[in-house]
**Student:** 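One structure follows; several queries about it will come next.
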Amino acid sequence: VIELGTPQREVITTCAYCGVGCQFKAEMRGDELVRMTPYKHGKANRGHSCVKGRFAYGYASHSDRILSPMIRDSINDPWKEVSWAEAMEFAANRMKGIIDTHGRHSVGVITSSRCTNEETYLVQKLTRAVFRNNNTDTCARVCHSPTGYGLGQTFGTSAGTQDFDSVEHADVIMVIGANPHSGHPVFASRMKKRLRKGAKLIVIDPRRTETVQGAHYKAAHHLALTPGTNVAVVSALAHVIVTEGLFDEDFIRNRCDWDEFQAYAEFISQPQFSPEAVQLLTGVKAEEVRGAARLYAKGGNGAIYYGLGVTEHSQGSTTVIGIANLAMLTGNVGRPGVGVNPLRGQNNVQGSCDMGSFPHELPGYRHVKGEAVRDIYREVWGVEIDNEPGLRIPNMLDAAVEGTFKGLYCQGEDILQSDPDTKHVAAGLAAMDCVIVHDLFLNETANYAHVFFPGSTFLEKDGTFTNAERRINRVRKVMAPRQGYADWEVTQMFANAMGAEWGYTHPAQIMEEIALTTPSFAGVTYEKLETMGSIQWPCNEKSPEGTPLMHVDGFVRGKGRFINTEYVATDERTGPRFPLLLTTGRILSQYNVGAQTRRTANVVWHDQDILEIHPHDAEQRGIKEGDWVKLASRSGETALRATITDRVNPGVVYTTFHHPDTQANVVTTDFSDWATNCPEYKVTAVQVALSNGP
Ligand code: SF4
């Protein structure tokens, strides 16, 4: 007799929401998940969790799940349920037909930072070894691609320098463009614990977020900058550190290129970078910038944590470089309590980037132009890899509109809802001859699809996720895939239908291939993951147990590199028609476009997107608390309810993007980061006016 609610077995696995990478015991009764209990030996969470990881798993059994493959000739036809074999044959024939007619560069893939490392590795292998091009991209394009560029250029690799434990040694914590309270709650608790013990906090963010002030701490400096002026503020901090002689000369002489430092010091000392000069532009008082710079430089161990408020700008990459400059100037790299730490939004953004999902990089951040790297894959895969970078997501869509890109395999990513300029995305998708959507639900992108491969949840597969501290955590199958196959098996079936002869029988074999071809993963095995619980890469002969702290004795690139950070104003300008600046973010209980959280049966998840507006701006427009307002930009408009608050400054409004009814990305611009094309979600010139609702 089974008592209701009594688990019969438990499986340790990893949360599939944010980049903290909390581990849980999935407690099962038969095939039913009874509860998710935070795992006390999880190295990222140590028995803690947030509301999403603990309770928001109901989507796995939601009736919206699509459980049968589907095909249709045209996007105007109804879907037809078919067998997996029929779906594979249909999809492969279409893709092969496109390649025969338009050439091998006319197709590509987009993968997701929600997928496992092994799935992501297979998807880029499909692109490079089967499609025979480099048209592979990931949703990290729209979040942390500037981290890849900025940290790669300055330090030599795209990864956070520290483990989460490191925050317990920080004396000064600088949070830039992030609200860990909502976005990374379990890491936020560890950070707040340190703040309660006396560490000082600097927050650079347009909003007075929950992170700025807690019950037992208050930011020493909140630099509430005008959206879009990150580079000016970060450069002003560096200006103060250099001109007041607060830099760490020993560190710079030993660890960085001294000549480059001198050139940079001359550049950043120019008067246009002084806090007084940029005050009007940024809206931040000069004395706040000076105070923050002195505190960070001389307050002991200084640790920087940053998020999408840094990267999702036209100068996202420049800001990341500016942050790295700050850490090198002050010697805050290479020991506990310091460092530069991107807070990754999705569970496997780090892993997705590590696994070669970018069109210019093979796994391990090695450029496709590298002859020696291509030799490795020629030997292991038995094919020649293109030596030119492929198309990024926006380039694929542009090429589709122009008629040269015809086929897309889109795994785990609802680009119509999550990418900027919705109309352009729709036009690109509509122009393709074959769109394959591989997902849990019939998402918005699927409206333009010809093939639908039903996806599996994290509960239904084995694999690994890599969190924001480079920690590779095991994902373990808790129940059989409801639609028959784990996502890595679906990709393998599709590759084989296209003519490949892959024969992986378990993700552990895929990890063996990753280790064989990727130096930073050379020592990673499933056996070691079982023994150690998790491993932080690099893990190889030099560091067989993994690497909690990076750049301890030297930077990955050798000498740390200072790069000048010139502020260039975004092309998105306010004016009489659009006088306010919109910035966006998320709340604790929702996750991105809400595909999972909104499908969990609990009132917690049934909130709305709200527009925050300052009392002064609301009064000017006759807006009262709870009124419906129209939010309009040069790109489009949507309707939201208003909340009146001084969390935002006058001239700035803020909303979340969790609900498809709101479609905040109808409003956002199509400007993007100069180096990586990461969209400028965080700055849009808008008008707000009273309305009658949607
Ligand atoms: Fe999951 Fe992130 Fe919450 Fe941890 S903090 S339970 S990883 S959503």
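One-based numbering, in listed order, for ligands and for the atoms of each. Reckoned from all heavy atoms, side chains included, excluding hydrogens, waters and symmetry mates.
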**Student:** So among Gln509, Glu513, Glu118, Glu512, which one has a side-chain hydrogen bond (donor to acceptor under 3.5 Å, both in side chains) with Tyr504?
**Tutor:** Glu513

**Student:** What do we get for Phe24 next to ligand 1 when only non-hydrogen atoms under 4.0 Å count, side chain, backbone, both or neither?
**Tutor:**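 Answer for Phe24: side chain.
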
**Student:** Do the side chains of Arg470 and Asp354 get close enough for a salt bridge, i.e. N-O under 4.0 angstrom?
**Tutor:** no

**Student:** Going by the order shown, which atoms of ligand 1 are within less than 4.0 Å of some heavy atom of Gly21?
**Tutor:**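 Taking each heavy atom of Gly21 in turn, ligand 1 has 7 (S) under 4.0 Å.
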
**Student:** What is the nearest protein non-hydrogen atom to atom 4 (Fe) of ligand 1, stated with its residue, atom name and distance?
**Tutor:**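 The protein heavy atom lying closest is Cys22 SG, 2.3 Å.
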
**Student:** What residue and atom, counting heavy atoms only, is the protein's closest point to atom 8 (S) of ligand 1, and at what distance?
**Tutor:** Tyr17 CB, 3.4 Å

**Student:** Pull out every atom of ligand 1 sitting under 4.0 Å from any heavy atom of Pro185, numbered as shown with elements.
**Tutor:** 5 (S)

**Student:** Does the pair Arg35/Glu27 count as a salt bridge with the N-to-O cut at 4.0 Å?
**Tutor:**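 A salt bridge links Arg35 with Glu27.
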
**Student:** Taking the six-membered ring where the residue is Trp, are the ring centres of Phe187 and Phe164 under 6.0 Å apart?
**Tutor:** yes

**Student:** Does Cys15 put an N, O or S atom under 2.8 Å from atom 1 (Fe) of ligand 1?
**Tutor:**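 Of the N, O and S atoms in Cys15, at least one lies under 2.8 Å from atom 1 (Fe) of ligand 1, which means yes.
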
**Student:** Which of the listed options, Ala468, Ser189, Cys18, Cys50, holds the heavy atom that is closest to atom 3 (Fe) of ligand 1?
**Tutor:**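 Shortest heavy-atom distance from atom 3 (Fe) of ligand 1: Cys50.
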
**Student:** Is the NZ or CZ atom of Arg207 both under 6.0 Å from the centre of the six-membered ring of Tyr654 and within 45° of that ring's axis?
**Tutor:**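 Yes, Arg207 lies over the aromatic ring of Tyr654.
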
**Student:** Under 4.0 Å from any heavy atom of Lys52, which atoms of ligand 1 are there?
**Tutor:**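 Ligand 1 atoms under the 4.0 Å threshold to Lys52: 8 (S).
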
**Student:** Picking from Arg65, Arg482, Arg476, Lys477, what satisfies salt bridge (charged side-chain N to carboxylate O under 4.0 Å, His left out) with Glu460?
**Tutor:** Arg65

**Student:** Which atoms of ligand 1 sit under 4.0 Å from any heavy atom of Val186?
**Tutor:** 4 (Fe), 5 (S)

**Student:** Charged N to carboxylate O below 4.0 Å: is that the case for Asp205 and Arg647?
**Tutor:**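 Judged by the 4.0 Å cut-off on N to carboxylate O distance, Asp205 and Arg647 do not form a salt bridge.
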
